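Notes to accompany the following structure.
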Amino acid sequence: MNLVALRQTLQRWFEANARDFPWRHSNDPYAIWVSETMLQQTQASTVGPYYERFLARFPNVATLAQASLADVLKMWENLGYYRRAQNLHAAAQVLLREHDGRLPQDEKALLALPGIGRYTAGALRSIAFGQPAAVLDGNVRRVIARLDDLSANIDEPATEKTLWQRAAELIDPETPGRMNEALMELGAVICLPPKPQCHRCPVSDFCLAYEHHTQYERPVRKARRRIPHFDVVAGVVWHATRPHTFLIAQRPLDGMLGGLWEFPGGKLQPGESAPQALQRELQEELGIEVEVGAHVISLDHAYTHFRISLHAYRARHRGDEPRCLQVADWRWVQQADLPSFAFARTDQRIIAALDPPPLTE
DNA sequence: GATCCGTGGAG
DNA sequence: TCTCCAAGGAT
């Protein structure tokens, strides 16, 4: 294959056809780092508004490092994979303390930061610093698998090594960042997973799968496991004496949806009714007794590796104040207070199902 | 090295 | 409604 011709053709296509994203107007390594973190496992069209809000609120390493994690999570609300926000925040504090508030250009130093792995280090080095570093993301994996007509399963670690080597060969030593972006852009808009748009592809002349008519069979991937389903209950626990006041709890920082706030509850155990499960969970997590009341809403939701049916109930608090047994924190709040807390999608749907807040004034 | 971690768009 | 999967990283 003529690597020089491939690089030139692809980059010329990219320059004429690149989608306009806000991070493509910045040369600031910090801004590029934020965008690359948001783009992990998240489509570019989704990231746009989050990126601009985040940069407006945290325009540099220092403002991010000095912000509270609660503020950072609020800006990340609904973007998913919330550990990314924790890592970004923690890494900013490391940068401020150990790297003069700037991103290091050295690969080892980048990889030492939380949330920066091989892909993100390569993206920063090539796009932000102009170094000849490779990137291998889902797009590039697919593009290479088709360019080379790989029959090997790309989810196998052995194939991973081959793909990184190939990604390194494709680097344009003159314009590594542009070449890497062009590869990813091609995968995102032309070399699509189910239906590659080969008739519009600028590099189909270089593509072995196109030549062999195997592009629809590439890349070869592992079959997915079926994901389990659980029934889950959550409680809107109203204060025994204070009107319009209910309980929210903060999830532990190290688990799923870490640091987000929620209506407390948990999974139903076999043979258990939803109200029974709610009483048990509230006792285990917060050490409180409740009387379960009216059903609020039931909804289905799909996470990455399981699905739930969530059943929310009103409940009346009895007895002792809550304690942090299996939660990071808890608060008595009113509906007007909720916008300052970060909630996951399911709990936002519960909020939307509550009675409208009382009019004040 | 297999598993965990969110949400939304597309078909 | 269901499936796939997306500019991955950590453990």
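Hydrogens, waters and symmetry mates are skipped; everything else that's a heavy atom, side chains included, is used. Keep in mind that what you see is a predicted model, and the values were worked out from it rather than measured. The sequence lines fix the lettering, A, B, ..., with proteins before strands; numbering per chain opens at 1.
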Practice task
Using a cut-off of 6.0 Å, state whether more than 12 heavy atoms not belonging to Tyr119(A) lie near its atom OH.
Solution key: yes
Exercise for the section: Could you tell me whether Asp347(A) and Arg349(A) make a salt bridge, using a distance below 4.0 angstrom between a side-chain N and a carboxylate O? Expected result: no
Problem - side-chain contact (heavy atoms from CB on, under 4.5 Å) partner of Thr9(A), chosen from Val203(A), Asn2(A), Asp205(A) - result: Val203(A)
Practice task
Give a yes or no on whether a salt bridge exists between Glu262(A) and Arg251(A), defined as a side-chain N under 4.0 angstrom from a carboxylate O.
Solution key: yes
Exercise for the section: Kindly write out the residues that satisfy side chain to side chain donor-acceptor pair (under 3.5 Å) with Arg141(A), not counting sequence neighbours, or none if the list is empty. Expected result: Glu160(A)
Handout entry: dC4(B) phosphate, OP1 or OP2, under 4.0 Å from Tyr303(A) side-chain N/O
Key = no
Completion exercise
Going by chain and number, the hydrophobic cluster around Val327(A) (ILVMFWY, side chain to side chain under 4.5 Å) further includes Val233(A), Val237(A), Leu247(A), Leu268(A), Leu278(A), Leu282(A), Leu286(A), Ile288(A), Val290(A), Val292(A), Tyr313(A), Trp330(A), Trp332(A)
Exercise for the section: Just jot down the side chain to side chain donor-acceptor pair (under 3.5 Å) partners of Asp148(A), sequence neighbours excluded, or say none. Expected result: Arg166(A)
Practice task
Write down the distance separating the P atoms in dC4(B) and dA7(C), rounded off to the nearest Å.
Solution key: 23 Å
Problem - Residue-phosphate contact under 4.0 Å: His305(A) side-chain N/O, dC5(B) OP1/OP2 - result: yes
Exercise for the section: Please work out which residues in residues 68-75 of chain A have a non-hydrogen atom less than 4.0 Å from an atom of DNA chain C and list them by number. Expected result: none
Problem - Where protein sits on nucleotides 5-11 of chain C, one letter per nucleotide: B base, S sugar-phosphate only, - none, heavy atoms under 4.0 Å - result: BBBBSS-
Exercise for the section: With sequence neighbours excluded, tell me which residues meet side chain to side chain contact (heavy atoms under 4.5 Å, CB included) with Lys222(A). Expected result: Asn153(A), Asp155(A), Glu156(A)
